[in-house]
Protein chains: 2
Amino acid sequence: MVTIADVARAAGVSPSTVSYVLSGKRSISEATRRRVHHSIRALGYRPNAGARALASNRTNVLALVVPLRADLNVPVMMQFVTATVTEARSYDHDVLLLTADEGAEGLHRVVASSLADAIIVMDVEAAEPRVPVLRELGRPAVLIGVPDDPQGLTCVDLDFTAAGSECVTHLADLGHRDVALIGPSPAVYERGTSYAGRFLRGFTKTAADRGVTAVTLPCVPTYDGLRACLDDLLALERAVTGLVVHNEAILGPLLSELDRRGRRVPDDISVLAVCPPDLAEAQSVPLTSVDIPAVELGALAVELAMRLLDGLGEPEVRLLPPRLTVRAGTGPVVA
Amino acid sequence: MVTIADVARAAGVSPSTVSYVLSGKRSISEATRRRVHHSIRALGYRPNAGARALASNRTNVLALVVPLRADLNVPVMMQFVTATVTEARSYDHDVLLLTADEGAEGLHRVVASSLADAIIVMDVEAAEPRVPVLRELGRPAVLIGVPDDPQGLTCVDLDFTAAGSECVTHLADLGHRDVALIGPSPAVYERGTSYAGRFLRGFTKTAADRGVTAVTLPCVPTYDGLRACLDDLLALERAVTGLVVHNEAILGPLLSELDRRGRRVPDDISVLAVCPPDLAEAQSVPLTSVDIPAVELGALAVELAMRLLDGLGEPEVRLLPPRLTVRAGTGPVVA
DNA sequence: TTGAAAGCGATACCAT
DNA sequence: ATGGTATCGCTTTCAA
């Protein structure tokens with residue numbers, strides 16, 4: 001193994017000089033810097049992470065806590081994870097992966113044993129049980145999602161309230177007077193996942209503001225769940241002409257079932273989805289969609305974590321504005 | 001911060017004794033052990049990971065390299081990742097997440113800076129460029145997938161050859177004489193992803209052995225790709241009565257399109273899929289499927305990595321036998 | 001602008 | 001069965 005001492009010897013300087021060349025924490029003459037860098041490359045030196053962490057109290061590692069649930073939007077999750085890793089690398093950091101089933105204990109463990117400098121937590125619930133722990137951990141934390149009381153914590157998320165609102169606005173502007181929201185699984189609402197409730201509120205409020213009739217149908221993400229959901233939908237007294245789907249898993253099946261039941265999109269019914277653009281585009285009829293900006297959110301989470309680690313920046317809640325892309329699946333109401 | 005010295009003092013023993021109590025590397029009297037454990041709990045002591053790594057040359061961390069591609073089966077990937085983390089924790093290890101875009105350099109980095117003790121690599125190609133590097137790294141490595149030359153490396157995967165074979169066998173036993181394989185995107189074949197070719201070979205060979213006519217159609221995972229693929233399929237001279245789908249992304253759309261084109265499953269055509277059971281079950285018609293045992297593979301990969309770290313066990317290729325579950329989507333040929 | 005050396009918190013060897 | 005302590009590789013203070 002090549003150590004800092006080997007490099008120092010080869011470059012004819014002291015180990016501390018090599019360290020300072022690497023960290024940039026004090027000025028070094030150009031000549032020395034070059035000799036040191038040359039020796040580093042020549043010997044293929046890489047600082048030992050453990051030694052560095054021990055001496056500096058910095059691991060250059062971010063802990064990322066991912067959910068283990070099956071009822072989540074997995075592709076979006078994975079996008080988020082890879083974006084986090086990629087962004088972390090751009091700050092010369094690595095990512096340690098934790099699963100949510102370790103709970104608060106996992107957070108304690110990682111911090112107390114100095115495995116990571118900061119923590120990023122995905123899939124935050126409204127009454128998030130890990131929030132008090134995160135506050136007391138004494139390490140920067142960034143949540144994806146906004147708990148009821150984000151006091152003292154940094155949170156990032158899509159502005160789901162605005163997203164729900166924008167979907168209704170778009171439909172109302174096209175003349176739709178009767179809309180429905182096909183939401184996530186009831187389980188998602190029941191455990192109070194923060195984004196589901198926020199989207200619903202934006203949806204409902206704007207519908208009221210615009211004088212649009214709005215119904216909400218949570219949907220279990222199975223074929224049977226979908227069928228039941230559509231049965232309910234089509235049995236409504238006033239025919240719904242605009243459908244907002246906040247449940248990626250059933251998007252394809254939903255369109256099939258509508259087709260099977262003789263409802264044409266968008267002629268009979270407009271469909272608008274909350275999902276990644278490629279999913280919206282890959283449907284039998286490309287759907288107007290509000291993007292879930294997983295990649296931006298991942299990068300932003302890392303960026304905010306870095307700021308906190310540098311002692312800059314205060315805890316804050318950062319909501320990204322929704323972006324709605326119009327595609328063939330949305331049309332005006334045909335009288 | 002609570003150190004091992006604090007614990008030692010509180011328990012009235014030396015630091016080395018505390019260390020030995022924790023590691024179990026020498027015998028300790030029951031009384032001492034109890035006092036030490038009591039102090040550990042009382043003080044909330046957790047060993048410092050960096051210090052431990054520095055002194056012991058063991059990080060208790062596994063590096064996991066995940067692909068960044070979009071054309072992969074993301075839910076299966078995520079299952080694999082979480083299974084890996086969960087299993088690693090059961091060995092008191094953590095998982096450091098790397099993305100494949102760091103390439104061989106990333107592997108060097110992680111090893112040279114002592115960030116991880118072993119490496120698990122997903123999405124291995126037939127002519128995997130990282131293979132030579134992994135061999136020279138001097139650290140245990142486990143590949144998910146089997147490269148052309150697995151010499152000296154440990155590999156785990158589903159036995160895709162047997163899986164392809166079993167699908168044909170099942171259809172042939174039901175009397176099907178004309179079958180087709182709807183495979184992954186052409187891009188997957190082109191870059192020589194190892195599992196795609198192996199499945200194809202098992203499929204083709206068994207078809208020949210059984211005197212069954214077999215055609216293969218790679219399918220770009222978009223709606224247009226699917227339509228083109230089905231056009232080709234239905235234009236064949238001899239009508240295909242059995243369809244094997246090795247491409248999860250288009251499973252739902254495929255069934256919709258078949259329905260739209262008036263082909264009933266399984267009355268007109270039997271459909272058999274290679275995918276997780278829940279996906280097969282969630283279709284409009286539940287499909288017979290060969291499971292991709294992501295969870296077992298993840299756990300197995302970790303287990304083999306642990307063995308290698310303990311100096312037990314040689315490099316080996318471990319293929320899990322396919323398991324076919326019969327569901328409503330497969331039926332006999334109706335003359 | 002640079003060097004010497006004291007830690008950081010464990011492990012494991014050498015003693016007893 | 002237990003203790004003392006050198007050691008791991010790096011950072012950072014203190015000095016020059």
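Computed from a predicted model, the values in this text were never measured in an experiment. Labels below follow one simple rule: chain letters A, B, ... track the order of the sequence lines, proteins then strands, and each chain is numbered from 1.
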Inset, instruction - Mind checking B:Val18 for me? I need base, sugar-phosphate or nothing, with any heavy atom below 4.0 Å counting as a touch. - result: nothing
Inset, instruction - State, without any angle test, whether A:Ser19 and A:Ser16 hold a side-chain donor-acceptor pair at a distance under 3.5 Å. - result: no
Legend entry - Side-chain ion pair, B:Arg89 and A:Asp101, N-O less than 4.0 Å: no
Inset, instruction - When you get a sec, tell me which of C:dT1, C:dA10, D:dG3 is the closest nucleotide to the side chain of A:Ser27? - result: C:dT1
Inset, instruction - Check B:Phe80 against B:Ala301 and note the closest heavy-atom contact, atom names and distance. - result: CZ-CB, 4.3 Å
Inset, instruction - Let me know, please, whether B:Tyr20 or B:Pro47 comes out on the 5' side of the other along DNA chain C by nearest nucleotide. - result: B:Pro47
Legend entry - Closest nucleotide among C:dT2, C:dG3, C:dG9 to the A:Thr32 side chain: C:dT2
Inset, instruction - Report which part of the nucleic acid A:Ser29 touches: base, sugar-phosphate, or nothing (heavy-atom distance under 4.0 Å, all strands). - result: sugar-phosphate
Legend entry - Length of the line joining B:Arg33:CZ and D:dA1:P, which is rounded to integer Å: 10 Å
Legend entry - Closest non-hydrogen atom pair between A:Asp123 and A:Glu128, with its separation: O-OE1, 4.0 Å
Legend entry - Listed nucleotide nearest any side-chain atom of B:Arg52, set D:dG3, C:dA10, D:dT11: C:dA10
Inset, instruction - Nearest-nucleotide wise, let me know which of A:Ala55 and B:Ser16 is further upstream toward the 5' end of DNA chain D. - result: B:Ser16
Inset, instruction - Under 4.0 Å between any heavy atoms, over every strand shown, what does B:Val7 touch: base, sugar-phosphate, or nothing? Just pick one. - result: nothing
Inset, instruction - Could you tell me whether the phosphate oxygens of D:dT12, OP1 or OP2, come under 4.0 Å of any side-chain nitrogen or oxygen in A:Lys25? - result: yes
Inset, instruction - Could you check how far CG of B:Asp6 sits from P of C:dG9, rounded to whole Å? - result: 9 Å
Legend entry - Toward the 5' end of DNA chain D, by each residue's nearest nucleotide, A:Ser23 or A:Leu54: A:Leu54
Legend entry - B:Arg26 CZ - C:dA12 C1' separation (whole Å): 9 Å
Inset, instruction - Give a yes-or-no answer on whether the side chains of A:Arg198 and A:Ser194 include a donor-acceptor pair shorter than 3.5 Å. - result: yes
Inset, instruction - Figure out the CG/P separation between B:Asn57 and C:dC13, and round it to whole Å. - result: 12 Å
Legend entry - Side chain of B:Ser56 (C-beta onward), nearest among C:dT11, D:dC10, C:dA10: C:dT11
Legend entry - Distance, rounded to the nearest Å, where B:Leu115 contributes CG and D:dG9 contributes P: 15 Å
Inset, instruction - With the side chain counted from C-beta on, respond yes when B:Leu62 and B:Leu309 share a heavy-atom pair under 4.5 Å apart, and no when they do not. - result: yes
Legend entry - Shortest side-chain distance from B:Asn48, nucleotide among D:dG3, C:dG9, C:dT2: C:dG9
Legend entry - Separation of C:dG7 P from B:Met1 CE (nearest whole Å): 18 Å
Inset, instruction - Look at the side-chain N and O atoms of B:Thr17 and state whether any lies under 4.0 Å from the OP1 or OP2 oxygen of D:dG3. - result: yes
Legend entry - A:Tyr45 OH - D:dT11 P separation (whole Å): 6 Å
Inset, instruction - Measure the distance from CZ on B:Arg46 to P on C:dC8 and round it to the nearest whole Å. - result: 22 Å
Legend entry - Phosphate contact (C:dT11 OP1 or OP2) by B:Ser19 side-chain N/O below 4.0 Å: yes
Legend entry - Nearest-nucleotide pick for A:Ser14, side chain only, options being C:dA4, C:dT11, D:dT2: C:dA4
